[in-house]
Protein chains: 2
Amino acid sequence: MSTAQGARARARIEVTAAIKDEARRQLAAEGAAKLSLRAVARELGMVSSALYRYFPSRDDLLTALIIDAYDSLGEAAEAADAGVGDVAPAQRWVAVCEAVRGWALAHPHEYALIYGSPVPGYSAPEATVPAASRVGVLFIGIVRDAHRRNGVARTSVSAELEPEARRMAADLAPDLPPEVVAALVAAWAQLYGLVGFELFGQFNRVVEDREAFFRHAVTRLAEGVGLVVPQ
Amino acid sequence: MSTAQGARARARIEVTAAIKDEARRQLAAEGAAKLSLRAVARELGMVSSALYRYFPSRDDLLTALIIDAYDSLGEAAEAADAGVGDVAPAQRWVAVCEAVRGWALAHPHEYALIYGSPVPGYSAPEATVPAASRVGVLFIGIVRDAHRRNGVARTSVSAELEPEARRMAADLAPDLPPEVVAALVAAWAQLYGLVGFELFGQFNRVVEDREAFFRHAVTRLAEGVGLVVPQ
DNA sequence: GTCTATAACGAGATAGAC
DNA sequence: GTCTATCTCGTTATAGAC
């Protein structure tokens, strides 16, 4: 009986993976707005109603793809951080940024799914939050590490932003100075501006050596959050 | 005959505008990927084949909407710059950035059309380039102005980026120092990271006072391109 | 209990004859 | 321009196989 259950569970995992793989293929071909349960089922030789055993609705399939994408990106970023060795926090920062860019270039459609235009009629549920937070948590960890070791370079925050910076810090990293947390959140958003512009064609005819440009830009982002770049 | 031609021309302009208005409405409701000539025609009480007298294809309608969106954004940015009065370049910079954010919040679907995920199967023609460049040209003008008056604060560029920075400067603003042009292009992309994150929901549960946060972030972007912020 | 298949719904797109 | 016949879609109800 335990083997029978194991086999069932295994089959279920396999079919679920096959559905998501095919859905990802269609994502690349047609975009998230046109993702069709029927087409996925047809391509897999199943009938559309059978898919509902695995995903209760089209939106649940979308949610699963979104969580997978966030996790895949988070894993790539964490692996880059772990693999860079014992270097200065600024270098860890740059390595993680480059991993984000590399993942985005390798998975453009999944990137568009999580950081591009929202899918009309779809609203991401709470369940996506943990996966979506992984890269941000990693950045916070890097800055926290720098802060513990040497402190971070002092930056300032305008009086206007001070209460909001304090609130963000209390929420995200109570052990870090509010102005650093505010700079960190801004750098986080700005990183995705750089990646998105390259990926979505805004750099065409403008930036040619994108790798060098990106490395330079994210190095300055690191300085912006107070990390000291060794030269 | 000249009045008849004038009336015809006027009617053509009106119908064209009505088609684009309805298309924009559908953009908001369904997204660019599902923009359908038929639905537009139905809503206008026309038959789909009649639309082809105004737009030879769905892609041409999309192109017209994209150019309109870029122009609307560019106009808002230019108006903000003109309306801010005779202030320091850094303040002009911030005013333009805030105009970009304001326009994006007021026209989220058009923003998604031009700066969000690419529409599957659609590739923007050359004709969109001038409209798409307006905001960038405005930023270059602001930095150029600062450079002519007082010079801009000196920044550095890594050896790795130097040739690319030189190339970009030759292309975009030969009268500006290459490292300034490189910083400008990066700030330009980063601005849209900030706007996109707010618009597409990435700041939910993270940033609350978005206006203050944005003003602070783009002020630091201005510093990054060498503009001196008066306090 | 777990899955798949058949059939159907209401809504919308599409193609072509007229 | 109009009408119609035929597609697609997400989703559900139902019945039967393992």
Side-chain angles (χ1 to χ4, degrees), chain A residues 1-68 109 113 117-125 127-128, chain B residues 8 11-12 14-16 18-62 65 109 113 117 119-122:
Chain A
M1 180 164 183
S2 84
T3 61
Q5 276 217 353
R8 240 202 307 271
R10 205 158 43 241
R12 188 174 174 84
I13 289 170
E14 267 171 34
V15 175
T16 304
I19 292 170
K20 292 198 288 192
D21 281 348
E22 177 56 33
R24 270 186 281 266
R25 276 199 44 248
Q26 297 199 11
L27 214 67
E30 301 279 358
K34 288 195 176 165
L35 206 187
S36 149
L37 274 191
R38 282 188 118 105
V40 170
R42 197 180 323 122
E43 216 64 31
L44 291 174
M46 303 171 76
V47 86
S48 67
S49 57
L51 285 200
Y52 285 81
R53 289 274 153 194
Y54 299 87
F55 298 97
S57 77
R58 193 198 88 122
D59 283 4
D60 289 280
L61 174 55
L62 253 187
T63 299
L65 296 177
I66 288 172
I67 291 176
D68 279 6
H109 301 98
L113 180 65
S117 327
V119 182
Y122 172 84
S123 147
T128 59
Chain B
R8 237 202 304 273
R12 186 176 175 82
E14 269 171 33
V15 175
T16 305
I19 293 170
K20 291 199 287 194
D21 281 348
E22 177 56 33
R24 268 185 282 266
R25 205 166 313 131
Q26 298 201 9
L27 214 67
E30 301 279 359
K34 285 195 178 166
L35 179 68
S36 146
L37 277 186
R38 281 190 123 81
V40 171
R42 190 183 332 116
E43 217 64 31
L44 291 175
M46 303 171 74
V47 89
S48 63
S49 55
L51 279 198
Y52 286 84
R53 295 202 159 268
Y54 299 87
F55 297 96
S57 75
R58 189 198 84 126
D59 283 5
D60 289 281
L61 175 55
L62 254 186
L65 295 177
H109 301 97
L113 180 65
S117 329
V119 183
Y122 172 84

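By convention in this document, chain letters (A, B, ...) are assigned in the order of the sequence lines, proteins followed by strands, and residues within each chain are numbered from 1.
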For a quick check of understanding: with a heavy-atom distance under 4.0 Å over all strands, which category does A:A39 fall into, base, sugar-phosphate or nothing? sugar-phosphate

Decide whether A:D60 and A:S57 meet the rule of one side-chain donor and one side-chain acceptor closer than 3.5 Å. yes

Using a heavy-atom cut-off of 4.0 Å across all strands, would you classify B:L37 as base, sugar-phosphate, or nothing? nothing

Is A:Y54 touching bases, backbone alone, or none of the nucleic acid, heavy atoms closer than 4.0 Å? sugar-phosphate

Using every non-hydrogen atom in the two residues, find where B:L62 and B:V119 come nearest and quote the distance to one decimal. CD1-CG1, 4.1 Å

A:K20 side chain near A:F55 side chain, heavy-atom distance below 4.5 Å: yes

Along DNA chain D (nearest heavy atom to each residue), the more 5'-positioned of B:A50 and A:L35: B:A50

So, does the side chain of A:S49 form a donor-acceptor pair with the base of D:dT11 at under 3.5 Å? no

For B:P120 versus B:A33, what's the shortest heavy-atom pair and its separation? CD-CB, 4.3 Å

Which whole-number value in Å describes the distance from A:R53 CZ to D:dA13 P? 12 Å

May I have the distance from A:Y52 (atom OH) to C:dT2 (atom C1'), rounded to whole angstrom? 19 Å

Taking for A:P56 and for B:M46 the nucleotide of DNA chain D with the nearest heavy atom, the one nearer the 5' end belongs to B:M46

Quick one: does B:S117's side chain have a donor or acceptor within less than 3.5 Å of a partner on A:S117's backbone? yes

Pick the closest DNA chain C nucleotide for B:S36 and for A:R38 by heavy atoms, then say which residue is nearer the 5' end. A:R38

Find the distance A:I13:CD1 to C:dC3:P and express it as a whole number of Å. 11 Å

B:R42 has its side chain closest, among C:dG12, D:dG10, C:dT4, to C:dG12

Using whole Å, report how far CG of A:D59 lies from C1' of D:dT11. 12 Å

Grab the CG-C1' distance between B:L44 and D:dG1 for me, whole Å please. 16 Å

Whole angstrom is fine here: how far is it from CZ in A:R10 over to C1' in C:dC3? 17 Å

Under 4.0 Å between a side-chain N or O of A:R12 and OP1 or OP2 of C:dC3? yes

Whole angstrom value for the distance that separates C1' of C:dT4 from CG of A:L51: 11 Å

Options D:dC9, C:dT6, C:dC3, nucleotide nearest the side-chain atoms of A:V47: C:dT6

Rounded to whole Å, CZ of A:R58 lies from C1' of C:dA11 at a distance of 15 Å

